[in-house]
Number of protein chains: 4
Amino acid sequence: MARPKSDDKHNALLLAAEQVFAQRGLAAAPTSAISKQAGVAEGTLFTYFRTKDELVNALYRAIKLDLADALMTRFPRTGPVRDRLEYLWDAFVDWGVANPQRLNVLDQLSVADRVSEESKAVGYEPFAEIEALAQHSIETGVLHAYPVAFIAATMKSMAETTMAFMTQYPAEAGQYRTIGFKVFWSGIACNTDS
Amino acid sequence: MARPKSDDKHNALLLAAEQVFAQRGLAAAPTSAISKQAGVAEGTLFTYFRTKDELVNALYRAIKLDLADALMTRFPRTGPVRDRLEYLWDAFVDWGVANPQRLNVLDQLSVADRVSEESKAVGYEPFAEIEALAQHSIETGVLHAYPVAFIAATMKSMAETTMAFMTQYPAEAGQYRTIGFKVFWSGIACNTDS
Amino acid sequence: MARPKSDDKHNALLLAAEQVFAQRGLAAAPTSAISKQAGVAEGTLFTYFRTKDELVNALYRAIKLDLADALMTRFPRTGPVRDRLEYLWDAFVDWGVANPQRLNVLDQLSVADRVSEESKAVGYEPFAEIEALAQHSIETGVLHAYPVAFIAATMKSMAETTMAFMTQYPAEAGQYRTIGFKVFWSGIACNTDS
Amino acid sequence: MARPKSDDKHNALLLAAEQVFAQRGLAAAPTSAISKQAGVAEGTLFTYFRTKDELVNALYRAIKLDLADALMTRFPRTGPVRDRLEYLWDAFVDWGVANPQRLNVLDQLSVADRVSEESKAVGYEPFAEIEALAQHSIETGVLHAYPVAFIAATMKSMAETTMAFMTQYPAEAGQYRTIGFKVFWSGIACNTDS
DNA sequence: AATGAATGAGGATTCATTCAT
DNA sequence: GATGAATGAATCCTCATTCAT
């Protein structure tokens, strides 16, 4: 018996949770609303996720995985550092603008204490390669010798700021995307031109 | 007047709310816990704040006001732009590191939909001067011609990132403070040396 | 020190209670709303009436007294029974139509269990004379030999029905007043003409 | 379907509400007392009635339906008007005397503003036939040409007065029932003998 | 006496979770 | 496995009453 429970329902519940969290906020989202949105009975939710917390954590990981997929799948493993980082940047903000609801929920979950440390660690893993890139770039003198975690966090927070403006002013989205990266790159690169 | 409404209790409730929100999260903070923490009866909370939402909004404004006081009171109205911005940066991150709980709650409140748009507008007002400085600096060619709101948002998000690291690694707090500002300044200034 | 407390406030509170009960219903009328309507502090209500129940009972008695005044002050002690009963009838329904709010509250209070049996007895007393008239009329063969209490209750309930119609259809108020009495009189009199 | 919503519990809650309202009064009847009386959990009440108001309205309709059943099911559609009205009268007062608690609650509900106009309209419908009978009787000269609504209201209020006496003096219940109808009939009929 | 802040029990309703069907 | 009724603790808020001022 490989997997008796339906993948469809599992995913429907995750998607429903995302929608409900986006609409009503993580705090004010009863499980009943989630199961309703997913088109299943209230009790069914609990055969797929033992508790609400488990659902929340699963959703966090799913979103992070989706994001990782968007960033890392076609990530160029060669070429100039600037180009490779810009690839990540564009992939990130494009993902955020294309999935504003998902981004919104990710923001909520990142602050919520319902998400366990373990989930955060798991969610971070796919992005470790970025830190490796940063580490290498520091050693080759392309980036300033700041802690890599700090560089990664800077990238994340600046990208999120950028996404917020892109979402708010869709007409200028392209400009914000460019500006955002320039600010970020200028902040961390030794030689801005490279 | 009989027993005048006491400022002490008003403040005690605000402080208690901050503590309880920090410990248990905005979502899971019953008013009963807040009144208990404040040392008053459950009903008393509602003579000072008609609803929980009103308390939340009052707390948001109070924290913003406190932050504004920390940043703007001694803010130098003259001198090089870089120095003036660095003053703000230092004041901001020092405040955040000195009041981690308050900062945490501010972050929670900034995302929460319990905080009204009006409160956000009121909370933002004292910081308008920063945007004015940015605007002036753009016109004099000191800063890049990016939208001032974007520059302000960048400053905020980078400072928060910096604070997170300062809090997590207190031993290197000073270094992070410096690094953070350098990254920010390099990102927005036309001539990095100025 | 005959009466240190002010009659004005006493009456203002009774009047306020009447208004608030009429507007919001006896059940949903907080004492705070009553004191506010009366223009006094919340605590003041309790120096005039020890409890809410005491206020309710006092109001019941006051309304009954007012009604008794309207009915009995000029009540003709001589003349044909029919005329004397019609006098009462007219006085009753005219009072009700002139004071619809007071009548409404009286109806609410008559059903409420907050009003004590003692209050009901006290409230009934001024109307005892009506029963005496009925008793006499039975003995002289003018009215049917039904229990006097039943005749009195019949008069009351029919008058209230009549008032409801007079209030609802003010244009035909006069006709309902006449019809109502005719129905009542025909029901209890041996000889309808007398 | 999992566990179907049980008619038993629905009725148990309605009955419990009736009992609790009768004992404690509509105003002072917490839902917790009702669910306890019904033998269900506090939350269960709200799976059968979304709000307390909905329960109150459902109870009002149920009582009215029960009363309608008692009056109208075997109501003779032919025969002398007097006999037909007397049938209704007897059915009404017998029902009231047999169900004093239900009658008491009906009285409370009839005054309460928790009962919606819609419920009142629905509750009145089954009795419309009585007004039709009155209308017909007026046209054939059996009853006085008073507004039918007024006649109906007279019947109701006199019957309730009668019931009060029957309940208070059970030994003379039969006599009050007869007297009551005679008073009513004499009040409205053109020819008392018919 | 007048005021209105303080109190805390109580009330309607919600909700995560369980379990009978 | 799916369903949704059942549960009862928890929550925000109200309110009659008390009492410090």
When you compare the side chain of [Y] with that of [X], does any pair of heavy atoms fall below 4.5 Å?
{"X": "A/Asn57", "Y": "A/Glu54", "answer": "no"}
{"X": "A/His10", "Y": "A/Phe49", "answer": "yes"}
{"X": "B/Leu65", "Y": "B/Asp69", "answer": "no"}
{"X": "C/Thr47", "Y": "C/Lys9", "answer": "no"}
{"X": "D/Leu14", "Y": "D/Leu55", "answer": "yes"}
{"X": "B/Phe46", "Y": "B/Ser35", "answer": "no"}
{"X": "D/Tyr60", "Y": "D/Ser110", "answer": "yes"}

Between A/Lys9 and D/Lys9, which residue's closest nucleotide on DNA chain F lies nearer the 5′ terminus?
A/Lys9
Contact residues, residues 33-41 of chain D to DNA chain F [heavy atom, < 4.0 Å]:
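Contacts with DNA chain F under 4.0 Å: D/Val40, D/Ala41.
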Looking only at side-chain N and O atoms, does A/Thr47 come under 4.0 Å of OP1 or OP2 in F/dA2?
yes
Any D/Tyr48 side-chain nitrogen or oxygen under 4.0 Å from OP1 or OP2 of F/dA6:
yes
Working to the nearest 0.5 Å, report the span between CD1 of D/Ile34 and CG of D/Leu15.
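Taking CD1 in D/Ile34 and CG in D/Leu15, the distance rounds to 11.5 Å.
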Measuring from atom CG of C/Asn99 to atom CG of C/Asn104, what distance do you get when rounded to the nearest 0.5 angstrom?
11.5 Å
If you count the non-hydrogen atoms of other residues, nucleotides and ligands that lie under 6.0 Å from NZ in D/Lys36, is the total more than 12?
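Not buried by this count: 12 neighbours or fewer within 6.0 Å.
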For atom CD of D/Glu125, is the number of surrounding heavy atoms from other residues, nucleotides or ligands below 6.0 Å larger than 12?
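Atom CD in D/Glu125 is not packed in, count stays at 12 or less.
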Could you give the [atom1]-to-[atom2] distance, from [X] to [N], as a whole number of Å?
{"X": "A/His10", "N": "F/dG1", "atom1": "NE2", "atom2": "C1'", "result": "16 Å"}
{"X": "D/Lys5", "N": "F/dT3", "atom1": "NZ", "atom2": "P", "result": "17 Å"}
{"X": "C/Leu45", "N": "F/dC15", "atom1": "CG", "atom2": "C1'", "result": "12 Å"}
{"X": "D/Asp8", "N": "E/dT21", "atom1": "CG", "atom2": "P", "result": "13 Å"}

Out of F/dA2, E/dT3, F/dT7, which nucleotide sits closest to the side chain of C/Thr44?
E/dT3
Non-neighbouring partners of B/Asp53 that pass salt bridge (Lys or Arg N to Asp or Glu O under 4.0 Å), sequence neighbours left out
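Expected list: B/Arg114.
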Only distances under 3.5 Å count here; give the side-chain donor-acceptor pairs of residues 18-31 of chain A to other protein atoms, sequence neighbours excluded, each with its distance to 0.1 Å.
residue : atom : partner  : partner atom : Å
A/Glu18 : OE1  : A/Arg102 : NE           : 2.9
A/Glu18 : OE1  : A/Arg102 : NH2          : 3.3
A/Glu18 : OE2  : A/Arg102 : NE           : 3.2
A/Gln19 : OE1  : A/Gln37  : NE2          : 2.5
A/Arg24 : NE   : A/Ala28  : O            : 3.4

Quick one: label C/Phe49 by what it contacts on the DNA or RNA (base, sugar-phosphate, nothing), any heavy atom closer than 4.0 Å.
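Here C/Phe49 touches no strand at all.
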Would you tell me whether D/Ser116 and D/Ser119 have side-chain atoms, one donor and one acceptor, within less than 3.5 Å of each other?
yes
For nucleotides 13-15 of chain E, give me every protein contact, N/O to N/O, under 3.5 Å, one pair per line with atom names.
residue : atom : partner : partner atom : Å
E/dT13  : OP2  : D/Lys52 : N            : 2.9

Counting only non-hydrogen atoms, which of residues 109-120 of chain A are less than 4.0 Å from DNA chain E?
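Residues of residues 109-120 of chain A under 4.0 Å from DNA chain E: none.
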Base-paired stems that DNA chain E participates in, counting runs of 3 or more Watson-Crick or G-U pairs under 3.5 Å:
E:2-21 with F:2-21
